[in-house]
Amino acid sequence: MEELHTKWEVYSPATGEKIAELDETPLESIPHLYTKSRQAFQTWSKLPIKERLQYLKRLRLLMVNKMDEIAEVISKDTGKVKIEALVADIMPTIDAIKHIEKHAMKALSRQKVSTPLMLIGKKSYIDYMPRGTVLVISPWNYPLQLAMVPILNALAGGNTVIAKPSEVTPLVGMCIDNLFHEAGFPEGTVQFAHGGKDLGASLTEQKPDYIFFTGSVRTGKIIGEVAAKQLIPSTLELGGKDPMIVLRDANLERAVNGALWGAFTNSGQVCMSVERIYVERPVYKEFLSLLKEKANSLKQGTRLTDDIGSMTFPAQIDIVAGHLEDALNKGAILESGTSPNDWKTGQTYFIPPTILSNVNHSMKIMKEETFGPVLPVVPFDTEEEVVRLANDTEYGLNSSVWTKDTVKANRVASQLVTGAVTINDVLITVANHYLPFGGTKQSGIGRYHGEQGMRIFCHEKAIMKDNGKKNSEIQWYPYEGKYTKFLSLFQHYFSEKTNWIQFGKEYLQLIKISKEKRK
Ligand code: NAD
């Protein structure tokens, strides 16, 4: 059957030029993708982990050779500066492959676990079984990493994958598709569906065996509902409104530099970006003035000499403008940047780095995800107050605490309801694949990265082994004469101090009764 492809025009967010015309994956092809995926699962899942890792290694080496080419595609498609494509999108992906190559064997092989004394003579293990077809749906802000890292973890675990990268950055989606193709993964093992929301929604309705979703809370809830109806296990990696807390004894120069990068990298389109800063009052003025001075020296554009690229997605600009207007209408003061009315209009999407003061929690800018280069800064007086303000949001992805006092840092960090906290640093937990990644509250459900990042794509199978030599077990039939013996056995075993002599006696008695009754 001839498939009808819809033509898809792609425009550069930084220049407004048309840069490509692509074919969307037709909705009608989805059942075929699933059939192919399920067929490929039969062989891919049976390959030894070592062999699966060979494919991942080939992909890694291919990406190392093509690093600059990939950075070019990401920069063109997103409007971000090339260094950010390299350092924050490509490098973490390649590092994730390296991590999987090093740890998958151990993480996914049979694990021996202890067996309690009550089950004497047996051995216990956990096996990690691939689930089947994993559906990966990803966003546009780090379009390479957020698609590839879950795909790679799922593949390492023996699953086959259907991925739907973001329609906002289709060139990166195509680039990933080509990379897997060129690395020689077996037919059907990893397939791509290129298109938008409707395609994503149809893919979720075809009963994948796992859904790994990264994106907005709004879509996360829709996907969570579909998954719940079908009892499909899923991970939801959603948005954030991350607070940065600067205490009076912090290294202010470092805190300001961290704030600038944490808030403005990728034009603020980062789920874990610094979206609001609380500064202890005695250092507030100094912090704000240094922050303004440094923000004004940042260069916008997409050359190698520039610091901040363009926004990626036009609809996001409206959200940023809405938050900014709401804050300005409620009395916020523009310390740097301009009001949305003065943003350059036209086809390109550069928003100047914007700093706000005189803000409070009645404003959207302090509670809702802005996802743009806008940074509100607030003074605070007490630790209790700042912890309350930091937690006063529906989100809970990341946060940071800045101080030279380790005790204070740990005390504040322990009270923040977020999936990660950095101390004297920003965002960086995501770059360490030994750490779990994920959110609390509306920021998501589940964790990935590290060993758990591989294991979520497997179901754990509990195995217990008996050598099969005994003809029966003490708890098996017949029960006659055993109740009081068991009662006494448990009392001796679980009491404050185990009475081993009595325990042994009761146990032997039970074995004896079992043998006699069976005669
Ligand atoms: P989005 O939710 O609009 O889209 C994400 C993906 O879901 C896209 O591929 C889209 O086509 C698809 N989609 C949309 N509707 C769908 C539906 N009904 N069924 C199935 N798929 C559907 O998000 P976005 O605008 O692409 O990304 C920005 C958001 O992602 C921000 O909120 C950001 O914080 C969040 N994000 C979270 C993380 C994290 O790891 N926690 C990382 C990056 C971005």
Side-chain angles (χ1 to χ4, degrees), residues 8 24-25 27 30 77-78 80 88-89 92 96 135-150 162-170 172-173 176 192-206 208 211-227 229 232 234-242 265-275 311-320 323 368-372 393-398 418-420 427 429-431 435-449 453:
W8 193 2
E24 271 191 50
T25 304
L27 288 177
I30 293 176
D77 212 12
T78 59
K80 68 175 81 185
D89 212 6
L135 174 62
V136 174
I137 298 181
S138 51
W140 45 262
N141 60 333
Y142 289 94
L144 189 90
Q145 171 188 179
L146 298 173
M148 285 189 82
V149 174
I162 298 174
K164 196 207 79 64
S166 172
E167 67 276 29
V168 179
T169 46
V172 181
I176 302 171
F192 288 82
H194 300 284
K197 292 176 182 175
D198 293 344
L199 191 65
S202 303
L203 284 162
T204 59
E205 278 153 16
Q206 298 281 321
I211 303 177
F212 192 100
F213 171 76
T214 309
S216 64
V217 171
R218 193 184 50 79
T219 313
K221 285 181 178 171
I222 297 172
I223 289 178
E225 205 177 318
V226 177
K229 276 194 185 137
I232 299 169
S234 59
T235 301
L236 303 175
E237 295 287 350
L238 312 176
K241 186 73 196 171
D242 301 348
T265 188
N266 205 31
S267 256
Q269 304 162 110
V270 188
C271 57
M272 337 165 69
S273 68
V274 174
E275 289 237 346
M311 296 290 284
T312 302
F313 183 36
Q316 197 59 43
I317 298 174
D318 298 337
I319 297 172
V320 180
H323 285 195
E368 293 176 22
E369 185 182 49
T370 308
F371 223 56
T393 169
E394 298 215 301
Y395 294 98
L397 193 57
N398 206 343
T418 52
L427 317 191
T429 50
V430 66
L435 286 172
F437 182 85
T440 62
K441 301 196 272 186
Q442 302 274 301
S443 289
I445 298 176
R447 295 287 182 274
Y448 77 131
H449 287 201

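Read the numbers this way: they start at 1 and go in the same order the structure lists the ligands and their atoms. FYI, the numbering just counts along the sequence from 1.
An N or O contact shorter than 3.5 Å links Leu238 to ligand 1 by distance. The N/O atoms of Ser216, backbone and side chain alike, include one that comes under 3.5 Å of an N/O atom in ligand 1. Considering backbone and side-chain atoms alike, Glu369 places an N or O below 3.5 Å from some N or O of ligand 1. Checking only distances, Asn141 never comes within under 3.5 Å of ligand 1, N or O to N or O. In terms of N/O distances under 3.5 Å, ligand 1 is not approached by Thr214.
Contacts between Gln316 and ligand 1, counted as non-hydrogen atom pairs separated by less than 4.0 Å, are absent for every part of the residue. With a 4.0 Å cut-off on non-hydrogen atoms, Leu146 touches ligand 1 through its side chain and not its backbone. Only the side chain of Ile223 comes within 4.0 Å of ligand 1, counting heavy atoms alone; its backbone N, CA, C and O stay farther away. For Phe371, every heavy-atom contact with ligand 1 shorter than 4.0 Å involves the side chain, none the backbone. Contact annotation: for Val217 versus ligand 1, there are no heavy atoms closer than 4.0 Å.
Atom numbering of ligand 1 starts at 1 in the shown order; those under 4.0 Å from a heavy atom of Cys271 are 34 (O), 36 (N), 37 (C), 38 (C), 39 (C), 40 (O), 41 (N), 42 (C), 43 (C), 44 (C). Taking a cut-off of under 4.0 Å to the non-hydrogen atoms of Glu167, the atoms of ligand 1 that pass are 8 (C), 9 (O), 10 (C), 11 (O). For ligand 1, the atoms closer than 4.0 angstrom to any heavy atom of Ile137 are 6 (C), 7 (O), 9 (O), 12 (C), 20 (C), 21 (N).
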(request) Could you walk me through whether Ile30 and Leu199 pass the side-chain contact (heavy atoms from CB on, under 4.5 Å) test, one step at a time? (result) CA-CA 8 Å; Ile30 293 176; Leu199 191 65; 3.8 Å; yes

(message) Let's go through Leu146 and Glu237 carefully: what are the C-alpha distance in whole Å and the side-chain angles of both, what is the deciding distance for side-chain contact (heavy atoms from CB on, under 4.5 Å) to 0.1 Å, and is it a yes or a no?
(response) CA-CA 10 Å; Leu146 298 173; Glu237 295 287 350; over 6 Å; no

(request) List the steps, then state whether side-chain contact (heavy atoms from CB on, under 4.5 Å) holds for Asp89 with Thr78. (result) CA-CA 12 Å; Asp89 212 6; Thr78 59; over 6 Å; no

(request) Just do the salt bridge (Lys or Arg N to Asp or Glu O under 4.0 Å) check on Glu225 and Lys221 with the steps written out, would you? (result) CA-CA 6 Å; Glu225 205 177 318; Lys221 285 181 178 171; over 6 Å; no

(message) What verdict does the side-chain hydrogen bond (donor to acceptor under 3.5 Å, both in side chains) test give for Lys441 and Thr418, after you've listed the backbone C-alpha separation in whole Å, the side-chain angles of each residue and the deciding distance to 0.1 Å?
(response) CA-CA 8 Å; Lys441 301 196 272 186; Thr418 52; over 6 Å; no

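If you check which protein heavy atom lies closest to atom 18 (N) of ligand 1, you get Ile222 CG2, 3.8 Å. The closest protein non-hydrogen atom to atom 27 (O) of ligand 1 is Pro139 CB, 3.3 Å. Ranking the protein heavy atoms by distance from atom 24 (P) of ligand 1 puts Trp140 NE1, 3.3 Å first.
Distance alone, capped at 3.5 Å, places no donor-acceptor pair between the Asp242 side chain and the Glu275 backbone. Side-chain atoms of Ser443 come within 3.5 Å of backbone atoms of Gly396 as a donor-acceptor pair (strictly under, hydrogens ignored). Side-chain atoms of Thr370 never come within 3.5 Å of backbone atoms of Gly372 as a donor-acceptor pair (strictly under, hydrogens ignored). Here the side chain of Lys241 pairs no donor or acceptor atom with the backbone of Glu369 at under 3.5 angstrom. No donor-acceptor distance shorter than 3.5 angstrom exists from the side chain of Lys80 to the backbone of Thr312, with no hydrogens or angles considered. Checking side-chain atoms of Gln145 against main-chain N and O of Ala88 turns up a donor-acceptor pair under 3.5 Å. A donor-acceptor pair under 3.5 Å is absent between the side-chain atoms of Thr25 and the main chain of Ala193, judged by distance alone.
Ring centroids of Phe371 and Phe313 are separated by 6.0 Å or more, keeping the two rings apart.
Residue Gly439 places every heavy atom at 4.0 Å or more from ligand 1. Assignment of Phe213 to the shell around ligand 1 is supported, since a heavy atom sits closer than 4.0 Å. In this structure, Phe437 counts as a contact residue of ligand 1, since one of its heavy atoms falls inside 4.0 Å of the ligand.
For atom 15 (N) of ligand 1, the nearest non-hydrogen atom from the set Leu135, Thr219, Thr169 comes from Thr219. When Gly200, Ser138, Gly215, Pro143 are ranked by how near their heavy atoms come to atom 8 (C) of ligand 1, first place goes to Ser138.
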